[in-house]
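Predicted, not measured: the structure shown is a model, and the values here were computed from it. In what follows, every chain begins at residue 1, and chains take the letters A, B, ... in the order their sequences are listed.
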Amino acid sequence: MLFMQIVSIFSWKIPLGEGIEKIIDFIIENFSGPIELFTGLIDFLIENFEIFIMDGFPISHLIVNIILITIFIYSRKKDKKVALYTGAGMLVAVFIASFFYGFELIYSMGHPFLVISAFALIAWTAKSYRLAIFVVLGLALMWNIELWEEVIETLALIITAVLVALVIGIPVGIIKAHNKYVHYIVRPILDFMQTIPPFVYLIPALMLFGLGNVSGTIATVIFAIAPPIRLTYLGITQVDDEIIEAGKAFGSSWWQMLFKIELPAALPSIMMGINQCIMLALSMVVIASMIGAGGLGEPVRLALSRIDIGLGFEAGLGVVIIAIMLDRIFGRNE
Amino acid sequence: MAEKVIEVNNLFKIFGKNPEEAFPLIEKGLSKEEILEKTGNTVGVNDVSFTVNKGEIFVVMGLSGSGKSTLIRCINRLMEPNRGEILIEDTDVSKLSKEELMNFRKEKFGMVFQHFGLLPYRTVQKNVEYGLEVKKVKPSTRKKRAREAIKKVGLEGWEDQKPQNLSGGMKQRVGLARALAVDPDIFLMDEPFSALDPLIKKEMQDQLLELYEEVKKTTIFITHDLNEALKVGDKIAIMKAGKIVQMGSQEEILTNAANDYVRDFVKDVDRSRVLKARDIMIKPKTLLKPDQGEGPRTAIHKMRENEISSIIVVDKDKKVMGILKIEEALKILQNKDDENLKKYIKEIPRVDPGDTMDDMFAQIAELDIPLPVVDKNDELMGIIIKSNVLSNLAPEKVI
Ligand SMILES: Nc1ncnc2c1ncn2[C@@H]1O[C@H](COP(=O)(O)OP(=O)(O)OP(=O)(O)O)[C@@H](O)[C@H]1O
Ligand SMILES: [Mg+2]
C-alpha cells in the first residue's frame, strides 16, 4: 500500500504548464480592460511613428518635424551651427524634391526621397559623411527593390518597442541599482527573459493582445528589455565612489544625486544599453512576424515557406541595413 | 576663550563585517594588525578626540593608512563612525536624520578630496559650480562665484575644459575651487595640495593663508608634508594606526616629539624654514652690566671664565647696548680709558623672536659674534650663536 503511494507520488507530474495556462486565462478574464487600454496605446504609438515617417502630413507638421530634428541634433552635438545647417539642409531637400515630384509632395513626409535625406542628414551630423553615404545607398536600395513600406513599418515597430523598453527598463535599472531587494527579484526575471526561447511567450502574447503589431511589439519588448536594465544598473553601480562622495559632501539630495551625478556618469553605459536594445529588437523582427507583426519579417517568413531565396535575402539585407544604420547613429563614438 | 566649532570625542571607525568584535580587543590593547588577523576587521580610527576652535586650522598628519581620510570622512558622516561623538557648533552630527544631514552638509561644509572627486562629464566651470547648484543659487550668481574661485586657484582660461584634459595638480585646484566657491563655515581638506609642484604649492599655501587673513575658516587639513603642516597649522595632530599619537602646537611637536614615530616625522622637515629665533636661542652665559658698575676688567674676567671672545652689554632695563669684544676691552686697559667704556662698545644687529632661520641666514653666515634676540622693547631675550644654529639645522638634534 505504502509502496504504491510512494510510486504514485513520484509518478505525479507537477502541473507547471497547466498552472501557467490558468494564470494567463485568469489575466485574460479579469484584466481585459487594462489590457485593451495597453494594446490601444501601443497601437497608437506604432501607427503614429508609421505616419510620422510615411503617411501624408500637412506642411506645418513637416516644419515641426524639421525643427524637432534640428533640436535633436543640437542636443547631441551641442553645436548650434551644425544643427542649423541640418535644418536648412532639410528644407533645401524638400524644395529639391518638390522640383522632381511636384509641390503636393511637400505635404508628404513619406516620400522616400525625404525620408532618405532626413536619415542621411541625421547620420551626417551625428556621426560622419561616410555613414550618410551608407544610409543613402542602403535605403535607396530598399526603395528600389520595393521593400520600402516594410522598411518603414519595421522602423516604426522598432522605435515603439525600444521606446517602451527604455521607458520601463531605465527606471527599473535605476531602482535595481539602489535597492538590493529589487535587484534580487529582478535579476532572475531578467535571466529568464533573456534565455527563454521567444517562441514560448509568443503564444500568451497572442492570447492577451491578439494577432498583429501589438503582440509583436510586446514580444520584442520582452526580448530586448534586459540590456537597458542591466547596463543602467551596471553604469550606476560602477560610478566612482569619490564622485558619489563629492556629491554627498556638498549636500545633494537623492534626486540631485541621481540626475547630477549618477545618470551622467552612467551615461556611456546606458547608451550602450540603448544600442543593445535596438539591436535585439531588430533581431526579433522575423519572429514577431509569426504573430502578425508587419515589416521586413513578413517577407522573410513568406520566403521561408515558399523557399524563395531571393526574397528572403532581400528582406534580410533590409534588416541588416537598418541595424547598421541605427547602431552607428545611436552607438558611441569610437 | 576661543569658541569651539568642532569637537570630536572618542571616535571609533572600524571596517569589516563585525566591527563590534574588535572593541574588546582594542580595549585589551592589541595592535591594528593583530585585530585584523584575529577578526578580519580593519581599525580605521581608534579613540580619537580633539577640538578645533573657530578660525583654527587643525592639521592631521600621519603615514599612509593611518586613518586620516577615514577621520575626515567621519566628520561629515560620509562614513558612519561606530562609536563616539561629533559636535559641530553644538549639533551632534551623529544624531542627524538623513534629511537634516543633507542640509547640514550643504550649509556647513566644503570638502576637498584626496583624489579630487571631480565629475568627469562636467567642465571645470561646471564642476566648480556644483556646490552652488546643489544649494540652488541662481545661475548668474553661481557663474560669477565659480569664476572667482577659479581665478583664486589660478585656473583662468581653463573653464571650458573637461577634467581629463587637466594635469593632476590642476585637477586638485579645481577641487579646491569647488570648495572655495560654496564659501562654507568649515573646510574639510584631504591633502588639498599633495599633487602640486613645489612652486604652485607654496603659492596655494600663501593664498590659503591670505584668504584666512580676511575671514578665518575653521579647517581640518590633512597633509603628508610636515613643512606644510608647520606653515599652515595652528594645531597639529599626528596619527598612527588610527590613533592620535601626539597633538599640539608647531613648536611642541618639533621640540618634544612624543615617540619615535613622531620623531621620524619631524626628521626630514626643512628646519630652517620652520624654526624661529625663539626656538633656537640660548640663554647668554654672561652679560656685561655697566649700570651696575661693571667695567672692562669685569668684562675680561667674565670672558675668560666663560671662554668667549665677546660679551653683550645691557643696561639696567636689560636693553641691549651693544657688544664688547675682548680686543676692545684690552685696548681700554692699555689706554686707561675706563670712563669712556661706551666708545668701545660696538653696535650689533638684532633679531626678532619670530624670525625664521631663513630670515636670519645672512646674519648667521658671518656670525663670529652672538646675535641678540630682542623683544619689542629691545629687551634681551636670548642669543643665537653659530654653533647652535648649525646643530639645529641637523635633523637628528630633536630631543
Ligand atoms: N572603505 C574601506 N573599507 C575597508 N577598509 C578601509 C576603507 N577605507 C579605509 N580603510 C582602511 O582604513 C585604514 C585607514 O585608511 P585611510 O584611507 O583613512 O588612510 P590615510 O591616512 O588617509 O592614508 P593616505 O595617506 O594613503 O591617504 C587603512 O588601513 C585602510 O585599509
Ligand atoms: Mg587619505
Between the side chains of B:Glu7 and B:Lys4, is the shortest nitrogen-to-carboxylate-oxygen separation below 4.0 Å, so that they form an ion pair? yes
I'd like to know which of B:Val182, B:Val112, B:Leu78, B:Leu118 tops the heavy-atom pair count under 4.5 Å against chain A. B:Leu78
Please classify the contact between B:Phe104 and chain A as side chain, backbone, both or neither, with a heavy-atom cut-off of under 4.5 Å. neither
Mark yes or no for whether B:Thr223, through its side chain, and B:Asp225, through its backbone, hold a donor-acceptor pair below 3.5 Å. yes
B:Phe58 and B:Phe50: ring-ring contact (aromatic ring centres under 6.0 Å, His included), yes or no, with the steps? CA-CA 9 Å; B:Phe58 181 76; B:Phe50 60 88; 4.4 Å; yes
Side chain to side chain contact (heavy atoms under 4.5 Å, CB included), paired with B:Glu228, selected from B:Met204, B:Met61, B:Gln205: B:Gln205
Taking B:Glu159 for its side chain and B:Gly157 for its backbone only, find out whether a donor-acceptor pair lies under 3.5 Å. yes
Segment of A:Ile261 engaging chain B (4.5 angstrom heavy-atom cut-off): both
Would you confirm whether B:Asn41, through its side chain, and B:Ile14, through its main-chain N or O, come within 3.5 Å as a donor-acceptor pair? no
Pairs of donor and acceptor atoms under 3.5 Å between chain B and chain A, please, with atom names and distances.
unit_1, atom_1, unit_2, atom_2, d
B:Arg73, NE, A:Glu245, OE1, 2.9
B:Arg73, NE, A:Glu245, OE2, 2.7
B:Arg73, NH2, A:Glu245, OE1, 2.6
B:Gly117, N, A:Glu242, OE1, 3.2
B:Tyr121, OH, A:Lys260, O, 2.6
B:Tyr121, OH, A:Ile261, O, 3.2
B:Tyr130, OH, A:Ser252, OG, 2.7
B:Glu133, OE2, A:Lys260, NZ, 2.6
B:Val134, O, A:Gln256, NE2, 3.2

Working note: B:Val232 + B:Val59, criterion side chain to side chain contact (heavy atoms under 4.5 Å, CB included); need CA distance, chi angles, decisive distance, verdict. CA-CA 8 Å; B:Val232 302; B:Val59 174; 4.1 Å; yes
